[in-house]
Amino acid sequence: MPTPISFHLDENVTTIVAAALRRRGIDVTTTAEAGLLAASDAEQLAYALLAKRVLITRDDDFLVLAASGTPHAGLIYWSPHHERLGEVVNLLTLLWRLESAEEMFARIEFL
């Protein structure tokens with residue numbers, strides 16, 4: 001049976017997204033909750049990998065890390081040009097419903 005996606009939001013993603021996803025029954029952690037506010041991007045990605053969480057970010061440095069071969073459990077890049085929170089939450093919810101954690105492993109999605 002496929003494993004549902006769990007998300008981790010880096011500090012560049014508003015906690016409003018975490019709250020909205022949680023209201024939909026989706027497992028989400030944030031950088032602050034995980035005690036990672038001073039952590040590097042590489043440490044954030046390593047945390048998400050170890051916790052088997054797809055990292056959601058607006059920081060393109062994570063794309064560079066992924067392109068360099070840094071392993072990850074999945075990465076969702078939320079473009080700074082995409083500002084509609086409701087639409088982003090709906091897209092994340094759709095992805096959660098349609099994909100599994102296994103399908104997201106080492107994959108990058110762009111919003």
Side-chain angles (χ1 to χ4, degrees):
M1 179 167 180
T3 307
I5 296 171
S6 295
F7 292 116
H8 177 71
L9 281 56
D10 86 340
E11 62 193 74
N12 295 305
V13 177
T14 176
T15 56
I16 294 169
V17 172
L21 292 173
R22 287 176 179 147
R23 281 193 300 274
R24 289 163 173 78
I26 299 172
D27 182 19
V28 180
T29 59
T30 68
T31 295
E33 294 165 350
L36 295 169
L37 284 175
S40 69
D41 292 344
E43 291 170 318
Q44 293 270 354
L45 210 51
Y47 165 82
L49 176 63
L50 186 62
K52 298 180 181 170
R53 294 183 174 277
V54 174
L55 190 136
I56 303 170
T57 186
R58 300 189 86 176
D59 181 350
D60 57 10
D61 290 340
F62 285 98
L63 297 175
V64 174
L65 280 171
S68 74
T70 302
H72 58 90
L75 185 61
I76 297 174
Y77 179 72
W78 175 6
S79 169
H81 305 292
H82 194 154
E83 292 297 331
R84 295 185 178 136
L85 283 178
E87 188 176 317
V88 167
V89 169
N90 287 339
L91 289 170
L92 292 170
T93 302
L94 182 62
L95 186 67
W96 177 78
R97 286 183 178 147
L98 296 177
E99 303 293 341
S100 68
E102 294 83 7
E103 291 168 319
M104 281 300 300
F105 190 83
R107 188 166 120 193
I108 300 173
E109 287 290 329
F110 294 85
L111 300 181

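Here the structure is a predicted model, which is why all the values come from computation and not from measurement.
The hydrophobic cluster containing Leu111 also contains Val13, counting ILVMFWY residues as joined when their side-chain heavy atoms lie under 4.5 angstrom apart, directly or transitively. Under a hydrophobic-cluster definition in which Ile, Leu, Val, Met, Phe, Trp and Tyr are linked whenever side-chain heavy atoms come within less than 4.5 Å, directly or via other members, Val54 and Ile26 are assigned to the same cluster. Hydrophobic clustering, with ILVMFWY side chains joined whenever heavy atoms are under 4.5 angstrom apart, keeps Phe110 apart from Leu91. Under the 4.5 Å side-chain heavy-atom criterion for Ile, Leu, Val, Met, Phe, Trp and Tyr, Val28 and Leu37 are members of distinct hydrophobic clusters. Under the 4.5 Å side-chain heavy-atom criterion for ILVMFWY residues, a single connected hydrophobic cluster contains both Leu9 and Val88.
The salt bridge (charged side-chain N to carboxylate O under 4.0 Å, His left out) test applied to Arg97 returns no partner, not counting sequence neighbours. When the side chain to side chain donor-acceptor pair (under 3.5 Å) test is applied to Asn12, the partners found at least two apart in sequence or on another chain are Asp10. Every salt bridge (charged side-chain N to carboxylate O under 4.0 Å, His left out) that Glu33 has, sequence neighbours left out, goes to Arg22. In this view, Asp41 satisfies the salt bridge (charged side-chain N to carboxylate O under 4.0 Å, His left out) rule with no residue, not counting sequence neighbours. A search for side chain to side chain donor-acceptor pair (under 3.5 Å) contacts involving Glu11 returns nothing, not counting sequence neighbours. Legend: residues meeting salt bridge (charged side-chain N to carboxylate O under 4.0 Å, His left out) with Arg84, ordered by chain and number and at least two apart, are Glu87. Every residue two or more places apart in sequence or in another chain that forms a side chain to side chain donor-acceptor pair (under 3.5 Å) with Thr70 is listed here: Ser68. For Glu102, the side chain to side chain donor-acceptor pair (under 3.5 Å) partners two or more places apart in sequence, or in a different chain, are Thr3, Ser100.
Hydrophobic clustering, defined by side-chain heavy atoms of Ile, Leu, Val, Met, Phe, Trp and Tyr closer than 4.5 Å, groups Leu94 together with Leu98. Under a 4.5 Å side-chain heavy-atom criterion applied to ILVMFWY residues, the cluster that includes Leu49 comprises Phe105 as well.
Side-chain contact between Tyr47 and Thr29 is present, with heavy atoms from C-beta onward closer than 4.5 Å. Using a 4.5 Å heavy-atom threshold, the side chains of Leu21 and Phe7 count as touching. Side-chain contact check for Met104 versus Leu95: some heavy-atom pair is nearer than 4.5 Å.
The environment of Leu63 atom CG is dense: over 12 non-hydrogen atoms of other residues, nucleotides or ligands sit within 6.0 angstrom.
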Worked verdict on Arg24 versus Leu92 for side-chain contact (heavy atoms from CB on, under 4.5 Å): CA-CA 11 Å; Arg24 289 163 173 78; Leu92 292 170; over 6 Å; no

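Residues Ala18 and Thr30 share a closest heavy-atom pair of CB-CG2, 3.8 Å. Listed here is the closest heavy atom pair of Glu103 and Arg107: O-NH1, 3.5 Å. In terms of heavy-atom proximity, Trp96 sits nearest to Gly25 at CZ2-O, 4.1 Å. Here the closest heavy-atom approach between residue Ala42 and residue Leu65 is recorded as N-CD1, 3.7 Å. Residues Asp27 and Ser6 come closest through the heavy atom pair OD2-OG, 3.0 Å.
Evaluated for a side-chain hydrogen bond (donor to acceptor under 3.5 Å, both in side chains) with His8, the options Lys52, Gln44, Arg53 yield exactly one hit, Gln44.
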Can you list, pair by pair, the side-chain donor-acceptor contacts under 3.5 Å of residues 73-80, counting residues two or more places apart and other chains?
unit_1	atom_1	unit_2	atom_2	d
Trp78	NE1	His82	O	2.5
Ser79	OG	His81	N	3.1

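Annotation: salt bridge (charged side-chain N to carboxylate O under 4.0 Å, His left out) contacts involving residues 55-73, sequence neighbours excluded, comprise Arg58-Glu83.
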